[in-house]
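Data first, discussion second: the structure below is written as structure tokens.
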Amino acid sequence: MIKTKNLRKVYTTEDVETTALNDINLDIKEGEYVSIMGPSGCGKSTLLNVLGLIDQPSGGEYYFLGEEISKYSERKRAGLRKNNIGFIFQSFNLIDELTVYENVELPLLYLGFSVSERKKRVHEVLEQMQLMARKNHFPQQLSGGQQQRVAVGRAVVTRPKLILADEPTGNLDSAHGEEVMKLMADLHETGTAVIMVTHSPTYAEYAQRTIHLFDGNVVSENIQNKFKI
């Protein structure tokens with residue numbers, strides 16, 4: 001699904017050049033669950049943004065679904081992103097003026113789905129996330145765990161091939177964090193690939209493989225024992 005060769009990301013200002021990613025080489029298969037760990041400022045979120053086609057790399061090659069896309073225009077990256085990738089953020093990023101139903105429905109509106117198909121998919125997702133009883137509530141009327149479940153629902157309603165999660169439990173207590181991790185594991189079981197940035201060694205163990213970054217470099221990888229074949 002994803003392959004990178006010497007992927008680089010450099011941020012340049014008038015006075016300083018900062019290398020956020022330095023010759024990253026990754027190979028992530030369809031349906032794989034990968035966690036990314038490392039100290040703050042090591043490049044985790046930058047890597048997620050590049051893999052998610054939000055940022056363009058400064059150098060190297062990036063293959064997504066068999067296409068070399070590192071030089072794609074923003075328009076072409078946006079098309080690939082909308083049709084194939086779902087995002088889950090630490091800060092939920094829900095729209096306060098929209099109900100739970102409307103927040104989950106929003107990506108389908110952007111993609112031009114019919115009213116009937118939108119209703120069908122949103123209802124399926126709300127049932128899956130155990131949010132049907134809250135469908136007419138607004139984000140401020142929900143707990144943190146419920147808001148993150150809405151965010152997960154919004155990410156999966158388009159049935160993406162890949163979910164990118166940036167510290168999805170960062171604003172949650174341990175009970176709600178475990179709840180969200182169980183949802184992520186369930187998504188992986190359905191065949192969706194998941195790449196998750198986390199600071200938690202415990203949550204990283206939900207993944208099949210953990211990639212460790214330091215100063216923009218991959219310094220180690222390990223396969224979780226419980227998933228070894």
Side-chain angles (χ1 to χ4, degrees), residues 31-38 40 44-49 51-54 81-82 84-111 118 121-208 210 224:
E32 191 174 10
Y33 191 164
V34 176
S35 59
I36 300 174
M37 296 192 71
S40 296
K44 302 186 300 297
S45 293
T46 299
L47 178 58
L48 216 62
N49 286 339
L51 296 181
L53 311 178
I54 294 173
R81 185 170 63 239
K82 286 192 299 183
N84 296 288
I85 303 174
F87 294 88
I88 304 170
F89 303 97
Q90 177 178 339
S91 56
F92 314 142
N93 285 3
L94 301 178
I95 298 175
D96 289 339
E97 294 77 19
L98 299 182
T99 63
V100 166
Y101 185 101
E102 291 165 340
N103 267 283
V104 174
E105 181 188 36
L106 196 58
L108 301 177
L109 284 168
Y110 290 147
L111 290 173
R118 292 201 308 270
R121 290 201 184 195
V122 173
H123 279 191
E124 286 177 356
V125 166
L126 292 180
E127 291 284 1
Q128 182 184 6
M129 300 295 146
Q130 299 179 4
L131 287 167
M132 188 61 79
R134 303 280 184 174
K135 68 177 184 177
N136 294 320
H137 286 63
F138 291 91
Q140 304 96 315
Q141 298 172 301
L142 306 177
S143 69
Q146 289 168 334
Q147 289 186 60
Q148 192 61 299
R149 275 190 278 151
V150 176
V152 173
R154 181 185 58 193
V156 304
V157 74
T158 61
R159 300 173 186 169
K161 296 180 175 67
L162 172 66
I163 292 289
L164 297 177
D166 194 354
E167 292 284 357
T169 62
N171 285 334
L172 303 177
D173 59 30
S174 58
H176 287 124
E178 289 288 347
E179 182 181 291
V180 169
M181 293 308 301
K182 175 65 166 58
L183 286 173
M184 303 270 285
D186 290 345
L187 291 173
H188 171 243
E189 288 294 323
T190 67
T192 305
V194 178
I195 303 176
M196 174 185 67
V197 164
T198 181
H199 278 103
S200 168
T202 301
Y203 293 153
E205 289 184 358
Y206 277 80
Q208 295 167 294
T210 300
Q224 266 58 283

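We number each residue from 1, following the sequence as shown. Please read all numbers here as calculations on a predicted model, not as lab measurements.
- With sequence neighbours left out, Glu105 forms a side chain to side chain donor-acceptor pair (under 3.5 Å) with Arg118.
- Between Leu111 and Thr158 there is a side-chain heavy-atom pair separated by less than 4.5 Å.
- The minimum heavy-atom distance linking Pro160 with Gly86 is given by the pair CB-N, 3.7 Å.
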Verdict with reasoning, Glu178 to Tyr206, per side-chain contact (heavy atoms from CB on, under 4.5 Å)
CA-CA 10 Å; Glu178 289 288 347; Tyr206 277 80; 2.5 Å; yes
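- A 4.5 Å side-chain heavy-atom check between Gln146 and Phe92 finds every atom pair outside the cut-off.
- Counting all heavy atoms, side chain and backbone alike, Thr210 lies closest to Ala204 at OG1-O, 3.7 Å.
- Residues satisfying the side chain to side chain contact (heavy atoms under 4.5 Å, CB included) criterion with Ile54, sequence neighbours excluded, are Asn49, Arg81, Phe87.
- For the residue pair Thr198 and Ser35, no side-chain donor N or O sits within less than 3.5 Å of a side-chain acceptor on the partner.
- Of the inter-residue distances, the one linking Asn103 atom CG with Leu98 atom CG reads 5.0 Å to the nearest 0.5 angstrom.
- In terms of the salt bridge (Lys or Arg N to Asp or Glu O under 4.0 Å) criterion, residue partners of Lys182 (sequence neighbours excluded) are, by chain and number, Asp186.
- For the residue pair Val104 and Val157, the shortest heavy atom distance occurs at O-CG1, 3.3 Å.
- Across Gly31 and Ala193, no two heavy atoms sit closer than the pair N-CB, 3.6 Å.
- Among residues two or more places apart in sequence or in another chain, the side chain to side chain donor-acceptor pair (under 3.5 Å) test is passed with Asn84 by Lys161.
- In this structure, the side chains of Ile95 and Glu102 stay at 4.5 Å or more apart for every pair of heavy atoms.
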Show the atom names and distances, to 0.1 Å, of all donor-acceptor pairs under 3.5 Å that link a side chain in residues 162-174 to residues at least two apart or in another chain.
residue : atom : partner : partner atom : Å
Asp166  : OD1  : Ser45   : OG           : 3.4
Asp166  : OD2  : Ser45   : OG           : 3.0
Glu167  : OE2  : His199  : N            : 3.0
Glu167  : OE2  : His199  : ND1          : 2.5
Asn171  : OD1  : Gln90   : NE2          : 3.4
Asn171  : ND2  : Gln90   : O            : 3.0
Asp173  : OD1  : Ala175  : N            : 3.3
Asp173  : OD1  : His176  : N            : 2.8
Asp173  : OD1  : His176  : ND1          : 3.1
Asp173  : OD2  : His176  : ND1          : 3.4

**OP:** Would you check, one step at a time, whether the test side-chain contact (heavy atoms from CB on, under 4.5 Å) holds for Leu108 with Val122?
**Re:** CA-CA 9 Å; Leu108 301 177; Val122 173; 4.1 Å; yes
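- Legend: salt bridge (charged side-chain N to carboxylate O under 4.0 Å, His left out) pairs involving residues 85-98, not counting sequence neighbours: none detected.
- Not counting sequence neighbours, Thr46 has no partner by the side chain to side chain donor-acceptor pair (under 3.5 Å) test.
- Shown here are the side chain to side chain donor-acceptor pair (under 3.5 Å) partners of Arg149, two or more places apart in sequence or in another chain: Glu179.
- Across Leu94 and Gln147, no two heavy atoms sit closer than the pair CD1-O, 3.6 Å.
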Show me the side-chain donor-acceptor pairs of residues 123-138 shorter than 3.5 Å, one per line, residues at least two apart or across chains.
residue : atom : partner : partner atom : Å
Glu124  : OE1  : Arg159  : NH2          : 3.0
Glu124  : OE2  : Lys120  : NZ           : 3.2

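- Between Met196 and Ile36 the shortest side-chain heavy-atom distance does not fall below 4.5 Å.
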